[in-house]
Number of protein chains: 2
Amino acid sequence: MQAMRSDLEQSGYDVICINSNTEFVNKVADIKPDLLIIEEPWGKDSGLETCKQLRLSGAVFPLVVIMNGDTVDDRVACLQAGADDYFVKPYRSETFLRLVRLYLQPTQAGQTESLKFDNLILDLSSRIAYRGGQAISLTMKEYDLLKYLMEHPREVLTREQILENVWGFDFLGESNVIEVYIRYLRLKVEGNGEKKLIHTVRGVGYALRDA
Amino acid sequence: MQAMRSDLEQSGYDVICINSNTEFVNKVADIKPDLLIIEEPWGKDSGLETCKQLRLSGAVFPLVVIMNGDTVDDRVACLQAGADDYFVKPYRSETFLRLVRLYLQPTQAGQTESLKFDNLILDLSSRIAYRGGQAISLTMKEYDLLKYLMEHPREVLTREQILENVWGFDFLGESNVIEVYIRYLRLKVEGNGEKKLIHTVRGVGYALRDA
DNA sequence: TTAAGCATTAAGGTGTGATTAAGTGGCGCA
DNA sequence: TGCGCCACTTAATCACACCTTAATGCTTAA
């Protein structure tokens with residue numbers, strides 16, 4: 001806790017620590033943080049319960065949970081509670097700080113250094129993707145494909161579009177490269193029982209969606 | 001409420017918030033908003049009551065209600081009160097903003113990104129339809145058929161026209177595909193006790209109409 | 001009342017996509 | 001120069017979602 005605090009402060013962030021549970025939800029609403037980190041266990045209620053309440057009361061900031069356990073159930077519970085991301089103890093500063101930086105970096109246009117969709121983050125400078133506190137390394141084609149998908153969230157991208165933009169073909173071959181690479185991405189991005197993000201639209205192509 | 005306001009403003013919309021109930025209906029008539037969002041509960045009267053009054057006094061803008069509950073009764077009540085759409089708390093910005101964008105996007109010709117008819121919206125880039133705050137996913141043929149209907153609102157489309165435009169046949173088979181697909185669409189689009197939109201014109205074909 | 005038109009339902013076949021494994025070629029390294 | 005690894009592609013088989021057909025039930029208009 002203290003370690004994390006000083007790490008964050010050394011990186012130039014304003015940090016507010018709240019240890020008590022009392023009136024927590026209201027306080028947070030006043031503070032309007034850019035990012036909220038909840039560390040389990042949290043007071044009498046679990047951190048996840050607090051998390052749920054925050055979302056119900058309309059909280060829209062990114063919300064990261066730090067857990068003790070690392071079972072599939074833990075992870076699913078976090079996401080259902082409305083967390084954007086989870087992190088598992090022991091707390092390791094470098095990876096964690098990188099994630100914090102990605103979450104706090106201004107989202108608007110201009111020089112975007114990373115792409116975000118749901119709790120999936122693609123860091124363009126390091127070409128590393130993050131999901132659920134986990135770094136995902138990508139090969140070139142995997143990166144290109146994921147980047148293309150993330151640049152057009154929710155949009156259905158046809159095979160032709162994908163072939164043209166990722167592979168640079170302007171004709172349609174008999175190949176199934178796309179299917180294979182979609183599979184590689186799915187294994188890496190949705191491999192740990194995470195929510196499905198890469199959706200097949202039969203007869204058309206693929207789309208990045210949250211439902 | 002505040003969260004929503006800042007989200008909308010960040011997306012470039014002019015937002016006016018009214019907290020008091022007094023003279024509300026008249027005020028709104030003066031303002032002539034492009035979109036009205038009512039959040040339950042709303043003053044002494046329910047938001048739905050206000051909604052009803054607005055419609056009775058001739059309001060024609062899109063009207064979205066944000067509810068606490070999510071029962072079938074809630075939803076039906078919203079629509080009967082004249083709301084175009086409803087949304088359920090907790091309010092999560094992205095989905096909501098998407099809907100707002102769809103409602104406010106200029107309707108006229110040119111680059112249409114979505115088709116609208118009554119409270120039914122078809123998003124062309126994601127191939128997803130929306131009705132009553134509910135996303136409706138469509139198969140290819142369903143999408144093609146709905147798109148064709150929505151491109152010709154109120155117009156009666158003959159079986160020949162539909163077969164030609166959706167299935168690409170230029171002859172008339174003995175098949176009842178159209179009936180079957182009309183049914184699929186009706187189940188998805190009018191399945192939740194919504195108002196009927198797809199009408200049969202006996203001996204001719206089908207038409208998208210609000211009455 | 002009756003026939004034609006449409007609605008509804010369920011079951012089968014087809015094609016598209018998923019999956020798996022084997023092949024190819026480039027690059028670093030000994 | 002040759003070996004081996006890794007990224008990428010091809011190919012072959014499997015699975016199932018979607019589309020179609022067909023058979024039955026219901027409505028409407030003459």
Side-chain angles (χ1 to χ4, degrees), chain A residues 126-129 136-149 156-191 193-194 196-209 211, chain B residues 127-129 136-149 156-191 193-194 196-209:
Chain A
S126 69
R127 301 180 143 243
I128 293 177
I136 302 168
S137 71
L138 302 165
T139 70
M140 198 162 67
K141 285 279 137 80
E142 286 167 355
Y143 171 81
D144 289 345
L145 177 54
L146 182 58
K147 176 156 168 270
Y148 185 50
L149 286 170
V156 179
L157 302 170
T158 65
R159 278 149 208 290
E160 292 82 46
Q161 287 178 304
I162 294 174
L163 266 186
E164 201 175 319
N165 276 280
V166 177
W167 274 266
F169 301 164
D170 41 358
F171 62 95
L172 199 53
E174 298 288 304
S175 153
N176 69 335
V177 239
I178 297 180
E179 281 92 336
V180 175
Y181 266 80
I182 286 285
R183 175 161 162 79
Y184 290 162
L185 273 188
R186 291 214 248 236
L187 286 175
K188 289 191 174 180
V189 168
E190 305 165 340
E194 304 263 0
K196 199 178 169 186
L197 289 182
I198 303 170
H199 292 257
T200 308
V201 181
R202 220 152 213 272
V204 193
Y206 296 90
L208 208 63
R209 283 209 281 257
Chain B
R127 298 177 147 250
I128 291 178
I136 302 169
S137 72
L138 303 165
T139 70
M140 199 161 64
K141 284 278 138 78
E142 286 167 355
Y143 171 82
D144 289 345
L145 177 55
L146 182 59
K147 176 155 168 268
Y148 185 50
L149 287 170
V156 179
L157 302 169
T158 66
R159 278 149 208 291
E160 292 79 42
Q161 287 178 305
I162 294 174
L163 266 186
E164 200 176 319
N165 275 279
V166 177
W167 274 265
F169 301 164
D170 41 358
F171 61 94
L172 199 53
E174 299 289 304
S175 153
N176 68 337
V177 240
I178 296 180
E179 280 92 337
V180 174
Y181 267 80
I182 286 285
R183 175 162 160 79
Y184 289 162
L185 273 188
R186 292 215 248 237
L187 285 175
K188 289 191 174 179
V189 168
E190 305 165 341
E194 306 261 1
K196 197 176 171 187
L197 290 182
I198 303 170
H199 293 260
T200 308
V201 181
R202 210 153 214 272
V204 192
Y206 298 90
L208 207 64
R209 283 206 287 257

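Residue numbers start from 1 in every chain, and the chains themselves are labelled A, B, ... in the order their sequence lines are given, proteins ahead of strands. Every heavy atom of this structure was used, including side-chain atoms; hydrogens, water molecules and symmetry mates were not.
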What pairs with B/Tyr143 under ring-ring contact (aromatic ring centres under 6.0 Å, His included), at least two apart in sequence or on another chain? none
With a 4.5 Å limit on heavy-atom distance, are the side chains of A/Thr200 and A/Arg186 in contact? yes
Look at the side chain of B/Arg183 and the base of C/dT8, then say whether one donor and one acceptor between them are separated by less than 3.5 Å. no
At a 4.0 Å cut-off to heavy atoms of chain A, the contacted part of DNA chain D spans D/dA7 to D/dC18
A/Tyr181 vs A/Asn176, nearer the 5' end of DNA chain D by closest nucleotide: A/Tyr181
Is there side-chain contact between B/Asp144 and B/Tyr181, with heavy atoms separated by less than 4.5 Å? no
Think B/Arg159 has a side-chain N or O under 4.0 angstrom from the OP1 or OP2 of C/dC6? yes
Just to verify, what does B/Glu179 make a salt bridge (charged side-chain N to carboxylate O under 4.0 Å, His left out) with, not counting sequence neighbours? B/Arg159
Once side-chain hydrogen bond (donor to acceptor under 3.5 Å, both in side chains) is applied, do any residues pair with A/Lys141, and if so which ones, sequence neighbours excluded? none
So what does A/Tyr206 touch, heavy atoms closer than 4.0 Å: a base, only the sugar-phosphate, or nothing? sugar-phosphate
For DNA chain C, what is the dot-bracket line, given that a base pair needs Watson-Crick (N1 to N3, plus N6-O4 or O6-N4) or G-U wobble (N1-O2 and O6-N3) geometry with both distances under 3.5 Å, and | means paired with another strand? ||||||||||||||||||||||||||||||
Give a yes/no answer on whether the side chain of A/Arg186 brings an N or O atom under 4.0 Å of OP1 or OP2 in C/dA18. yes
Any side-chain N or O of B/Thr200 less than 4.0 Å from the OP1 or OP2 oxygen of C/dG5? no
Those residues that, when tested against B/Ser137, pass side-chain hydrogen bond (donor to acceptor under 3.5 Å, both in side chains) (two or more places apart): none
pair A/Ile136-A/Ile128: side-chain heavy atoms closer than 4.5 Å: no
